[in-house]
Amino acid sequence: MNFRRSTTSRRSNTTQAARVIIVVADVMAAIIGLWILMYLLDANRANGFVEFIRDLAGWLAGWSHDLFTFDEAWARVVAGYGLAAVVYLVVGHMVAGRLLRRH
């Protein structure tokens, strides 16, 4: 009986960890996606919320936001920040899937 509880508890903890990883990856990608949308719609950069999202997205996509050198600024933003969002989604969901398959 104790073995069953232990196995069930580990499985439950693994499932919860996988869900947390997925939620974190999705939230990170959503923040980046929101910044891309705000940029494309020319949101007021003096607005506190827009500034907060821009700064947060810049931090999350710091490794990729100047990766591409398109002539158009909107294309650089979409490609650079979009790449970061896709990577967070793919990696987060892959890690969660591996956790779930192991248990």
Side-chain angles (χ1 to χ4, degrees):
M1 191 75 152
N2 287 338
F3 177 72
R4 276 187 167 169
R5 285 185 183 167
S6 176
T7 303
T8 303
S9 178
R10 273 188 281 146
R11 196 170 291 152
S12 176
N13 289 341
T14 301
T15 302
Q16 289 175 345
R19 285 182 183 157
V20 167
I21 291 169
I22 288 171
V23 167
V24 168
D26 289 352
V27 167
M28 291 166 57
I31 290 167
I32 294 170
L34 183 57
W35 168 243
I36 293 170
L37 183 63
M38 288 177 170
Y39 182 88
L40 293 175
L41 295 175
D42 200 25
N44 179 6
R45 305 249 171 100
N47 179 283
F49 180 70
V50 174
E51 184 178 339
F52 173 74
I53 295 297
R54 181 194 67 210
D55 291 345
L56 191 52
W59 182 78
L60 290 170
W63 58 272
S64 70
H65 78 280
D66 283 335
L67 192 62
F68 300 99
T69 58
F70 297 114
D71 290 336
E72 300 292 329
W74 69 267
R76 287 192 303 271
V77 169
V78 170
Y81 284 87
L83 174 65
V86 169
V87 167
Y88 287 131
L89 284 174
V90 169
V91 170
H93 285 256
M94 283 177 50
V95 168
R98 296 276 303 198
L99 274 175
L100 293 172
R101 278 191 293 267
R102 288 184 69 182
H103 289 280

May I ask you to test the W59-D55 pair for a side-chain heavy-atom distance under 4.5 Å? no

Give every donor-acceptor pair under 3.5 Å between a side-chain atom in residues 73-94 and any protein atom, sequence neighbours left out.
unit_1	atom_1	unit_2	atom_2	d
R76	NH1	F70	O	2.6
R76	NH1	D71	O	3.3
Y88	OH	L60	O	2.5
Y88	OH	W63	NE1	3.4
H93	NE2	D26	OD1	2.8

Greater than 12 external heavy atoms within 6.0 Å of D42's CG: no

Is the shortest side-chain heavy-atom distance between F49 and M38 below 4.5 Å? yes

Rounding to 0.5 Å, atoms OG1 (T14) and CZ (R98) come to a distance of 13.5 Å

Taking atom CZ as the centre, does F68 end up with more than 12 heavy-atom neighbours from other residues, nucleotides or ligands that are less than 6.0 angstrom away? yes

Can you sort out the partners of V27 under side chain to side chain contact (heavy atoms under 4.5 Å, CB included), two or more places apart, ordered by chain and number? V23, I31

Within this structure, what is the CD1-CZ distance for the pair I53 and R45, rounded to the nearest 0.5 Å? 13.5 Å

I need the minimum non-hydrogen distance between I22 and A96, along with the two atoms involved. CG1-CB, 3.5 Å

